[in-house]
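Contents: one structure, followed by commentary.
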Amino acid sequence: MSQTFNTIKEQEEALLCRTYGRYPLAVAKGKGSRLWDCDGKEYVDLLAGIAVTALGHCNEELAQVMERQARKLIHVSNLFYQEEQLELARRLLATCHLDKAFFCNSGAEANEAAVKLARRYMQRVLNKNAYEIITFSGCFHGRTLAMIAATGQERFQDGFAPIPEGFIQVPWGDMDALRAAITPKTAAILVEAVQGEGGIRPLTPGYARDLEHLCREKDILFMVDEVQCGLGRTGTMWAFQHFGLQPDILTSAKALANGLPLAVMLAGDKVAAGFVTGSHATTFGGGALLTAVGAKILDIMERDKLVARAGELGARLKTRLETVGKKLPGTIREVRGLGLMIGVELAIPGKAIWEELIRRGFVCNLTQDAVLRLLPALTIDEADLTAFADTLEDILATR
Ligand SMILES: Cc1ncc(COP(=O)(O)O)c(C=O)c1O
């Protein structure tokens, strides 16, 4: 490690709460799908800020919108009407069957909004004492107190007792367990269309339809978390659209403003009636600067057909990685994913492979200790994906 890197690392240890396990990399700048560290070394970025910078780092068109909007209006709070917010709401709602938007600041907050809306709809619109939210093993919904309850994993809850009540978890894929968990107190299920942190596990078409049917049968809400997998990454605007679903509530965040903190909860009119003036609020949510950027992102995605591109590039990369697995038996257990959301589950310890990829100039994530998680920008050059697959093959061949 260089002197500069070590100095940055020491300063961070002195200055910041120690909540993050950092990569051995101090990022100095980015452009498109390239990052440069503090020593000037270049990397191909296959992580995109964890599915956030979907249009690449420091996108020039977005920089222009930011500059223009920063001189016009950045923030006035949600006490005022703002056209920028309406424009983004209009565009997002045009992508699906839902009718109303609530803007907030992070994925966890969008999920909090979803849970609050589900409970209030049950309790104030339907007059039912229903409040329980059912989630699924392997899920990740965020780090607020309610969302660590929803996520249900001991490692995220350790030392934070008391954990809020009202969340029940059932095994992923087990319809009998889900059916047994539903009681008159159940308000909704909350499910990721593609589990991200859980190791890139997409719903299967049959399971997805069964989940929705059961919600309709039991008269509970069907809520889909697309914080990570939404906004074109999987090859459709929303991942649930692969399965022909019609969730009652949808949450999204990461790629919504390419790195500025913006999240959204979308709901149908009937359910959205659960919120009335004063039910829920946030100071920053959907400010003019953030939403102007969000609208421009949707423009660019449409103009450059990035959603279809994500589907095509992702399918080719997945096939290529599967070929590597067949060529080198015992190295890759499975390649999973949809579009440019791909998990390579290794059959050998993942950390050394992931570290070697970084040494060779490729940044991706390692989740569940064994799954290389690829979430590149939707604008990435296919040559970069090919170079990654070649490099991974080369590393695996020598293990
Ligand atoms: C599916 C999913 N939901 C919720 C969250 C939480 O989002 P945030 O970190 O913006 O609160 C994440 C973050 O990784 C996520 O992947």
Side-chain angles (χ1 to χ4, degrees), residues 17 19-21 23 46-54 102-118 133-153 155-157 160 164 167 169 172 188-203 208 211 222-234 238-240 242 245 247 249-266 282 284-286 290 293-294 336-343 364-368 371 373-376:
C17 283
T19 52
Y20 296 106
Y23 290 9
L46 294 144
L47 185 54
I50 323 183
V52 168
T53 51
F102 176 84
F103 289 110
C104 48
N105 316 294
S106 69
E109 284 175 77
N111 287 334
E112 292 265 349
V115 168
K116 286 180 77 174
L117 178 60
I133 309 294
I134 300 180
T135 62
F136 299 83
S137 59
C139 72
F140 182 79
H141 296 296
R143 298 288 200 128
T144 58
L145 279 170
M147 286 308 123
I148 60 172
T151 297
Q153 293 180 38
R155 68 192 167 115
F156 298 134
Q157 296 180 351
F160 297 127
F167 295 89
Q169 195 160 96
W172 175 258
I189 70 167
L190 174 64
V191 66
E192 285 165 87
V194 182
Q195 284 194 343
E197 303 289 323
I200 312 290
R201 294 180 193 281
L203 287 170
L211 289 178
F222 181 41
M223 310 200 294
V224 174
D225 175 345
E226 297 220 10
V227 166
Q228 189 168 143
C229 64
L231 282 158
R233 172 159 297 283
T234 67
W238 304 106
F240 72 76
H242 285 283
L245 305 175
I249 298 179
L250 173 71
T251 57
S252 192
K254 291 176 182 280
L256 200 52
N258 212 58
L260 302 182
L262 180 62
V264 74
M265 180 206 64
L266 303 179
T282 172
F284 292 121
L290 304 167
V293 170
R336 294 186 291 269
L338 281 173
L340 285 174
M341 183 169 188
I342 295 180
C364 67
N365 170 252
L366 181 71
T367 187
Q368 306 293 314
V371 183
R373 181 166 48 152
L374 310 177
L375 302 162

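Just follow the structure's listing: the first ligand is 1, and inside any ligand the first atom is 1. Everything numeric here is computed off the predicted structure, so don't read it as measured data.
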*Starting from atom 2 (C) of ligand 1, which protein heavy atom do you reach first, and at what distance in Å?*
Phe140 O, 3.3 Å
*Are any of the protein's heavy atoms under 4.0 angstrom from atom 9 (O) of ligand 1, yes or no?*
no
*Looking only at heavy atoms, what is the nearest atom pair of Ile342 and Gly339, with distance?*
CG1-O, 3.4 Å
*Would you say Leu211 and Val191 make side-chain contact, with heavy atoms under 4.5 Å?*
yes
*Please state which protein non-hydrogen atom is closest to atom 3 (N) of ligand 1 and give its distance, to 0.1 Å?*
Asp225 OD2, 2.8 Å
*What protein heavy atom sits nearest atom 14 (O) of ligand 1, and how far off is it?*
Lys254 NZ, 3.0 Å
*If you have a sec, work out which protein heavy atom is nearest atom 5 (C) of ligand 1 and how many Å separate them, to one decimal?*
Val227 CG1, 3.7 Å
*What atoms in ligand 1 come closer than 4.0 Å to a heavy atom of Glu197?*
14 (O)
*If only atom types and distance count, is the side chain of Ser137 paired as donor or acceptor with the main-chain N or O of Trp172 below 3.5 Å?*
yes
*asked:* To check you understand the geometry: which heavy-atom pair defines the closest contact between Phe160 and Leu145, and what is its length?
replied: O-CD2, 4.1 Å
*Identify the closest protein heavy atom to atom 16 (O) of ligand 1: which residue and atom is it, and at what distance?*
Gln228 NE2, 2.7 Å
_Atom indices of ligand 1, in the order listed, that fall short of 4.0 Å to a heavy atom of Ala108_ = 6 (C), 7 (O), 8 (P), 11 (O)
*Under a 4.5 Å cut-off applied to non-hydrogen side-chain atoms, are Leu231 and Leu256 in contact?*
yes
*At a 4.0 Å threshold, what atoms of ligand 1 neighbour a non-hydrogen atom of Glu192?*
1 (C)
*Are the charged groups of Glu226 and Arg233 less than 4.0 angstrom apart, N to O?*
no
*Select one of side chain, backbone, both or neither to describe which atoms of Asn111 lie under 4.0 Å from any atom of ligand 1, heavy atoms only.*
side chain
*What protein heavy atom is closest to atom 7 (O) of ligand 1, reported as residue, atom name and distance in Å?*
Gly107 CA, 3.3 Å
*Report the C-alpha separation of Thr251 and Asn111 in whole Å, then their side-chain angles, then the decisive distance to 0.1 Å, and conclude whether the side-chain hydrogen bond (donor to acceptor under 3.5 Å, both in side chains) test is met.*
CA-CA 6 Å; Thr251 57; Asn111 287 334; 2.8 Å; yes
*At a 4.0 Å threshold, what atoms of ligand 1 neighbour a non-hydrogen atom of Ser106?*
10 (O), 11 (O)
*Check the pair Thr135 / His141 against side-chain hydrogen bond (donor to acceptor under 3.5 Å, both in side chains), numbers first and verdict last.*
CA-CA 9 Å; Thr135 62; His141 296 296; 5.3 Å; no
